[in-house]
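First listed ligand is number 1; within each ligand, the first listed atom is number 1. Only a predicted model underlies this, so the values are computations on that prediction, with no experimental measurement involved.
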Amino acid sequence: MTKSLEKIVSLAKRRGFVFPGSEIYGGLQGFYDYGPLGVEMKNNLKALWWKWMTKEHEDIVGIDGAIITNPKVWEASGHLKSFVDPLVECKKCHHRFKADDISDDKCPDCGGELTEPRVFNILVPTKLGVIEDEKTEAYLRGEACQTIYLNYKNVLDSSRLKVPFGICQIGKAFRNEVTPGNFLFRQREFEQWDLQWFCHPSEMEKWFEYWKEERMNWYKSIFTHPENLGFYEHEKLAHYAKKAFDINYEASPIGKEMEGIHWRGDWDLSRHAEYSGQDLSYTNQETKENFIPNIVETSGGVDRTFLFLLLDAYEEDGDRIFLKLDPRLAPFKAAIFPLLANKPQLVEKAKAIYESLKTDKAVAWDDRGNIGKRYFSQDEIGTPFCVTVDFDTLDNDTVTVRDRDTATQQRVAISELADFIRKAVNR
Ligand code: GAP
């Protein structure tokens, strides 16, 4: 089922997941801010990715590179010449489109005639230095991965890694997109999670296939409906790629691409060796063979994944809205309620449970309105469990635990509650 983007945008703002950037000044196209619940969910998501990359693969290490690099990096990488978007404009309604998104030569909005494509470089320039006519031009990074190539030798020299190995990174990238839009899907500032896998040229095919499958399996492990994910093979390739597949969220009502798996070969290290004058080759200490490692890249969008996860988790059951999120991603793992806010014994008991769980379980407290409204409120933000302290609790030290997805209830002993939540949310 394809779900509506409008409902997600509205829920995201209403409940504090994502706000439009600079809203009180009328906004700024292509920029968004994550709110209190959004930042928790995004941090949970990034922590899962980081753990999977660096703790579950002993031959992958992480870095956190700078956003601004020496501008020569973008010459060497080919971005100054080739990081371009062709733009067309409707002569009648003046709406602008990426030429690549247009299937015929008429305006998709009003059917008007389109201009010839004009080409724009989408790197975001900035100026460094304080004296006006001595300022130097630099660029905010257009893709996060370049700092990995710049540090590949530093990582090798400071660790005991040998080819094949990987360097991963989560970080911001900036693009002067000609048509930002569709909420988090196409922004001008966004976050990428990248793995660059360095291997022997003869092993590229093997590793390309390996990472393609591994990354798909990882995405399948966090989506509510893994059947909504699929591969798309690119025919038109980026300037650096010899082969490229996307991992798509097929049920998206907008664009589908979530992550690119790219065969970058020796493009990056050869170009940086040429432009920097440094030797970026690798010598196998056993065979003494010297070669430029080839690279398989997996480069995904954190914000796009976040958006697709919300779309995938969104469910309606009558007027009940619930986010069927993987519990590991949910901002809160449980919410604790006293059945009645005006009964001090219930409130005291519920507060004690809340205090005992709040540090390591990310639990919410709610004593407003009636229980039904509290359930609705927690369902809408994806809290997997609601825990109610009622009059039976005072007799037998058990609580009612209600499940978000099935709305069924069970009694759990207070002494077993922490364990119950931990097992259910850690999967
Ligand atoms: N280093 C390779 C690279 O940057 P890409 O396909 O241009 O490849 C990788 O970007 C991922 O980054 C995309 O699959 C997408 O998820 C995300 N991404 C790219 N442009 C984006 C934008 N304008 N807004 C949000 N996410 C974007």
Side-chain angles (χ1 to χ4, degrees), residues 5 18 21 28-32 34 42 45-46 49 65 67 69 73-74 76-79 82-85 98 100-101 120-124 139-150 166-197 211-212 215-216 218-219 229-234 236-250 252 254-265 267-269 271-272 295-311:
L5 182 66
V18 180
L28 186 64
Q29 226 194 347
F31 295 88
Y32 287 88
Y34 283 77
K42 194 182 190 198
L45 179 59
K46 289 196 284 185
W49 185 94
I67 279 171
T69 56
V73 168
W74 303 104
S77 71
H79 283 74
S82 312
F83 203 40
V84 289
D85 261 352
K98 270 175 94 164
D100 299 349
D101 295 343
F120 290 91
N121 190 294
I122 61 172
L123 279 177
V124 177
Y139 301 93
L140 306 188
R141 61 185 181 192
E143 56 174 8
C145 60
Q146 291 299 326
T147 40
I148 295 185
Y149 312 136
L150 304 184
I167 305 178
C168 70
Q169 178 176 222
I170 300 179
K172 293 263 182 164
F174 300 80
R175 295 182 188 176
N176 244 332
E177 294 284 0
V178 296
T179 54
N182 282 328
F183 194 38
L184 303 177
F185 185 78
R186 190 170 288 146
Q187 301 174 83
R188 287 179 164 146
E189 173 179 344
F190 55 96
E191 214 163 4
Q192 293 185 313
W193 44 32
D194 284 351
L195 165 69
Q196 308 295 320
W197 181 256
W211 285 113
K212 191 177 138 219
R215 293 299 299 140
M216 175 61 101
W218 185 78
Y219 279 108
L229 302 175
F231 284 118
Y232 166 77
E233 183 171 10
H234 279 262
K236 201 173 150 207
L237 296 168
H239 61 271
Y240 53 75
K242 284 204 186 112
K243 192 168 169 184
F245 278 81
D246 288 341
I247 296 179
N248 275 358
Y249 180 64
E250 302 291 356
S252 168
I254 45 170
K256 297 179 177 182
E257 178 192 334
M258 182 159 62
E259 170 154 318
I261 316 295
H262 303 137
W263 177 308
R264 297 186 74 122
W267 164 266
D268 303 282
L269 294 184
R271 291 279 290 198
H272 284 304
I295 294 172
V296 179
E297 168 184 69
T298 73
S299 179
V302 181
D303 313 85
R304 280 193 192 175
T305 306
F306 182 98
L307 167 60
F308 292 147
L309 284 165
L310 287 184
L311 272 166

Consider every N or O of [X] and every N or O of ligand 1, then say whether any pair is closer than 3.5 Å.
X    : result
H262 : no
F190 : no
E143 : yes
L184 : no

>> side chain to side chain contact (heavy atoms under 4.5 Å, CB included), that's the test. Do Y139 and V73 meet it? Break it down for me.
In response: CA-CA 10 Å; Y139 301 93; V73 168; over 6 Å; no

Taking the side chain as C-beta and beyond, is there a heavy-atom pair between [X] and [Y] under 4.5 Å?
X    : Y    : value
M258 : S252 : no
E297 : C145 : yes
Y249 : R304 : no

> K256 near ligand 1, heavy-atom distance under 4.0 Å?
Replying inline: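 Distance cut 4.0 Å: K256 fails for ligand 1.
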
>> Just to check, does T305 reach to within less than 4.0 Å of ligand 1 when the distance is taken from its heavy atoms?
In response: no

> Can you name the residues that form a side chain to side chain contact (heavy atoms under 4.5 Å, CB included) with V178, not counting sequence neighbours?
Replying inline: D85, L87, K98, F120

List ligand 1 atoms under 4.0 Å from [X], heavy atoms only on the residue side.
X    : answer
C145 : 1 (N)
R264 : 1 (N), 2 (C)
E257 : 6 (O), 13 (C), 14 (O)
E297 : 1 (N), 2 (C)

> Can T69 and W74 be counted as having a side-chain donor-acceptor contact under 3.5 angstrom?
Replying inline: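 Present: a donor and an acceptor within the cut-off.
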
>> For the residue pair Y149 / Q196, report whether a side-chain donor-acceptor contact shorter than 3.5 Å exists.
In response: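 The answer is yes; a qualifying pair exists.
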
>> Would K212 pass as a cation-pi partner of F231, given that its NZ or CZ must be under 6.0 Å from the six-membered ring centre and within 45 degrees of the axis?
In response: yes

Just to confirm my output: which protein heavy-atom neighbour is closest to [atom], and how far is it?
atom                    : value
atom 25 (C) of ligand 1 : F185 O, 3.2 Å
atom 11 (C) of ligand 1 : S299 O, 3.5 Å
atom 10 (O) of ligand 1 : Q192 NE2, 3.2 Å
atom 24 (N) of ligand 1 : Q187 N, 2.9 Å
atom 15 (C) of ligand 1 : R304 NH1, 3.4 Å
atom 17 (C) of ligand 1 : G301 CA, 3.7 Å
atom 16 (O) of ligand 1 : M258 O, 2.8 Å

>> Measuring from atom 5 (P) of ligand 1, which candidate in H79, R175, E259 has the nearest non-hydrogen atom?
In response: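 Going through H79, R175, E259 one by one, R175 has the nearest heavy atom to atom 5 (P) of ligand 1.
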
>> side chain to side chain donor-acceptor pair (under 3.5 Å), that's the test. Do Q169 and T147 meet it? Break it down for me.
In response: CA-CA 9 Å; Q169 178 176 222; T147 40; 3.2 Å; yes

> For K242, what residues pass the salt bridge (charged side-chain N to carboxylate O under 4.0 Å, His left out) criterion, not counting sequence neighbours?
Replying inline: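 Not a single residue meets the salt bridge (charged side-chain N to carboxylate O under 4.0 Å, His left out) criterion with K242.
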
> Given Y32 and F183, is the ring-ring contact (aromatic ring centres under 6.0 Å, His included) satisfied, shown in steps?
Replying inline: CA-CA 8 Å; Y32 287 88; F183 194 38; 5.2 Å; yes

